[in-house]
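We use all heavy atoms of the structure for the numbers below, so side chains are in, but hydrogens, waters and symmetry mates are not.
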Amino acid sequence: MTQNSNLTTQPIHPGSLFTRMAVGAGIGLALISLFVFGVNNPNPEWGEYWRVRPLLMVSFAGTMGGLCNYFLLHFHQRFGINKVVAIIVSILVFIIGLWLGIVLGLDSTLWD
């Protein structure tokens, strides 16, 4: 006797996943670059490479926001939510994640 399973698996599309993560990182990098490269006279206490931390933190936060966007939109039916709600939630998560990345990246430099 064989058991039939009605479970459907949705494969993860690496190309689409990478694209969303790259776009998220690009948005984060462009946003933080406006703040970081606009500083003409940085505080000498910050060190010579103070720009590296904010650039990496916000890019990583944007990447994770793109990952969250992919999973929410790709698996919204499995989560049991409407696609419009999934889009709104993914945008909110992306914005909050970028804001937290900016706070963590600029902590003890421009964010005091």
Q: First locate atom CG of L55, then atom CH2 of W50, and finally report the distance between them rounded to the nearest 0.5 Å.
A: 8.5 Å
(Q) When you group the ILVMFWY residues by side-chain heavy-atom contacts below 4.5 Å and let the links chain together, are Y70 and F18 in the same group? (A) no
Q.
Applying side chain to side chain contact (heavy atoms under 4.5 Å, CB included) to W46 and L110, what does each step give before you reach the verdict?
A. CA-CA 10 Å; W46 296 345; L110 293 176; 3.6 Å; yes
Q. How close do R53 and S108 get, heavy atom to heavy atom, and via which atoms?
A. NH1-OG, 4.0 Å
Q. About how many Å separate CD of Q77 and CG of N82, when rounded to the nearest 0.5 Å?
A. 10.0 Å
**Q.** Closest contact, heavy atoms only, G97 versus A61
**A.** O-CB, 3.4 Å
Anything under 3.5 Å between a donor and an acceptor, one on a side chain of residues 19-36, the other on a protein residue two or more places apart or in another chain? List them.
unit_1, atom_1, unit_2, atom_2, d
T19, OG1, G15, O, 2.7
R20, NH1, N69, OD1, 2.7
S33, OG, L29, O, 2.6

Q.
Which residues end up grouped with I91 if you chain together Ile, Leu, Val, Met, Phe, Trp and Tyr wherever their side-chain heavy atoms are less than 4.5 Å apart?
A. L73, I87, I95
**Q.** Reported CG-to-CH2 distance for the pair L104 and W99, which is rounded to 0.5 angstrom
**A.** 9.5 Å
Q. How does the hydrophobic cluster around L56 look, that is, which other residues are in it when side-chain heavy atoms under 4.5 Å mark a link?
A. Y49, V52
Q. Quick one: do V103 and L98 end up in the same hydrophobic cluster if we chain Ile, Leu, Val, Met, Phe, Trp and Tyr together by side-chain heavy atoms under 4.5 Å apart?
A. yes
Q: Over all heavy atoms of both residues, which pair between G66 and F94 is shortest? Give the atoms and the distance, please.
A: N-CD1, 4.1 Å
Q. Between V84 and I88, is any pair of side-chain heavy atoms under 4.5 Å apart?
A. yes
Q | Inter-residue atom distance S90.OG - H76.NE2, 0.5 Å rounding | A | 11.0 Å
Q | Spacing of CD1 belonging to I102 relative to CG belonging to D107, to within rounding of 0.5 Å | A | 13.5 Å
Q: Give the minimum heavy-atom separation between G101 and M57, together with the two atoms involved.
A: O-CB, 4.0 Å
